[in-house]
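What follows is a set of notes on a single structure, which appears directly below.
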Amino acid sequence: MSVPADAAMILLETVAVTLTSAAGAVNVLRGVSLRMAAGETASLIGPSGSGKTTLLMTAAGLVRPSAGHVEVAGTDLSALDEDGLARFRRDAVGIVFQGFHLVPTMTALENVALPLEFAGRRAAFEIAAESLAAVGLAARCEHYPAELSGGEQQRVALARAFAAAPKLILADEPTGNLDGATGKQVMDLLFRLAEERGTTLLLVTHELDLARRAQRIIELADGKIVRDSARPLAAAAAR
């Protein structure tokens with residue numbers, strides 16, 4: 001999916017998300033506006049319940065806004081039905097969660113190849129093998145998730161997210177289940193792959209040290225963006 005160089009990769013305009021519960025309506029996002037350029041990296045920070053994950057999932061088309069406009073990779077998400085949103089994610093977005101979400105009965109290679117096969121990609125297993133090699137797991141292709149460490153499982157998840165060459169990677173607390181040293185290795189890979197491939201990266205994290213590795217730090221509180229700090233590219237490169 002091609003996106004013009006001057007187009008926004010993510011464009012949110014006064015987006016609101018209101019969820020209903022037994023206690024009544026909950027305003028999760030309150031008029032959020034955000035623009036990210038192609039190839040940009042940004043971190044979302046803020047206290048639990050501030051709306052970080054909801055914002056991320058809205059950009060993925062997994063949460064529909066109650067109001068406002070969402071455009072991602074040149075696509076108006078409100079114009080798509082559920083099947084259209086699924087195809088959009090398949091073609092344009094890679095998602096990395098805190099949990100690894102690997103199929104336990106499939107090898108690492110099969111896990112990475114699975115979405116490629118669903119997309120009808122030729123040479124799905126060859127692409128998957130190359131993606132695993134890019135995250136240092138060429139020797140672990142035939143291993144099942146239970147035979148891999150937590151860090152290796154998250155690297156398989158990274159390989160899967162990048163395998164289809166998405167324009168956008170959305171990462172929700174990708175180091176939340178990892179120890180400090182392993183988490184740093186995973187983040188090194190995430191930022192390196194995004195930089196090498198010119199992929200836009202939006203990262204949710206509670207860890208300020210990780211947030212500082214991005215070019216922008218966007219802080220949410222009570223469903224609103226309260227601070228958006230752009231960092232000089234040279235400073236981000238020196239992370």
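The first residue of the sequence shown is numbered 1, and numbering continues consecutively from there.
Side-chain contact between His206 and Ser48 is present, with at least one heavy-atom pair separated by less than 4.5 Å. Side chains of Val96 and Leu158 form a contact here, defined as non-hydrogen atoms less than 4.5 Å apart. Side-chain contact between Cys141 and Leu132 is present, with heavy atoms from C-beta onward closer than 4.5 Å. Between Pro174 and Leu203, the closest side-chain pair of non-hydrogen atoms falls below 4.5 Å. The side-chain heavy atoms of Leu168 and Ile10, taken from C-beta on, include a pair separated by under 4.5 Å. A heavy-atom distance below 4.5 Å is not found between the side chains of Leu34 and Leu11. Between Phe97 and Glu173, every side-chain heavy-atom pair lies at or beyond the 4.5 Å cut-off. Using a 4.5 Å cut-off on side-chain heavy atoms (C-beta onward), Pro65 and Val15 make contact.
Atom CG in Leu208 sits 9.0 Å away from atom CD in Glu219 (nearest 0.5 Å). Atoms OG1 and CG, on Thr53 and Leu44 in that order, are 8.5 Å from each other to the nearest 0.5 Å. A distance of 9.0 Å separates CG of Leu189 from CZ of Phe162, quoted to the nearest 0.5 Å. With rounding to the nearest 0.5 angstrom, the CZ atom of Arg35 is 12.0 Å from the CG atom of Leu12. For the atom pair CD (Gln153) and CD (Glu147), the distance works out to 10.5 Å, reported to the nearest 0.5 Å. Atoms CD and CD, from Gln185 and Glu152 in turn, are 10.0 Å apart once rounded to the nearest 0.5 Å.
Atom CZ of Arg227 sits in a sparse spot, with 12 or fewer heavy atoms from other residues, nucleotides or ligands closer than 6.0 Å.
Among all heavy-atom pairs drawn from Lys52 and Ile45, the shortest one is CD-C, 3.4 Å. Minimum heavy-atom separation, Pro104 to Pro145: O-CD, 3.7 Å.
Listed by chain and residue number, nothing satisfies the side chain to side chain contact (heavy atoms under 4.5 Å, CB included) test with Glu130 (two or more places apart in sequence, or in another chain). Remark: Ala164 pairs with Leu116, Arg121 by the side chain to side chain contact (heavy atoms under 4.5 Å, CB included) rule, at least two apart or across chains. Residues passing the side chain to side chain contact (heavy atoms under 4.5 Å, CB included) test with Ala157 are Gln154, Arg160, sequence neighbours excluded. When the side chain to side chain contact (heavy atoms under 4.5 Å, CB included) test is applied to Phe118, the partners found at least two apart in sequence or on another chain are Leu114.
Residues Ile127 and Val112 are members of separate hydrophobic clusters, defined by side-chain heavy-atom contacts under 4.5 angstrom among Ile, Leu, Val, Met, Phe, Trp and Tyr.
Between Asp188 and Lys184 there is a salt bridge, with a side-chain nitrogen of the basic residue lying less than 4.0 Å from a carboxylate oxygen of the acidic one.
For residues 57-78, the set of pairs meeting the salt bridge (Lys or Arg N to Asp or Glu O under 4.0 Å) definition, not counting sequence neighbours, comprises Arg64-Glu82.
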Return a table of donor-acceptor pairs under 3.5 angstrom between the side chains of residues 176-183 and protein atoms on other chains or two or more places apart.
{"unit_1": "Asn177", "atom_1": "OD1", "unit_2": "Gln98", "atom_2": "NE2", "d": "3.1"}
{"unit_1": "Asn177", "atom_1": "ND2", "unit_2": "Gln98", "atom_2": "O", "d": "3.1"}
{"unit_1": "Asp179", "atom_1": "OD1", "unit_2": "Ala181", "atom_2": "N", "d": "3.1"}
{"unit_1": "Asp179", "atom_1": "OD1", "unit_2": "Thr182", "atom_2": "N", "d": "2.8"}
{"unit_1": "Asp179", "atom_1": "OD1", "unit_2": "Thr182", "atom_2": "OG1", "d": "3.0"}
{"unit_1": "Asp179", "atom_1": "OD2", "unit_2": "Thr182", "atom_2": "OG1", "d": "3.1"}

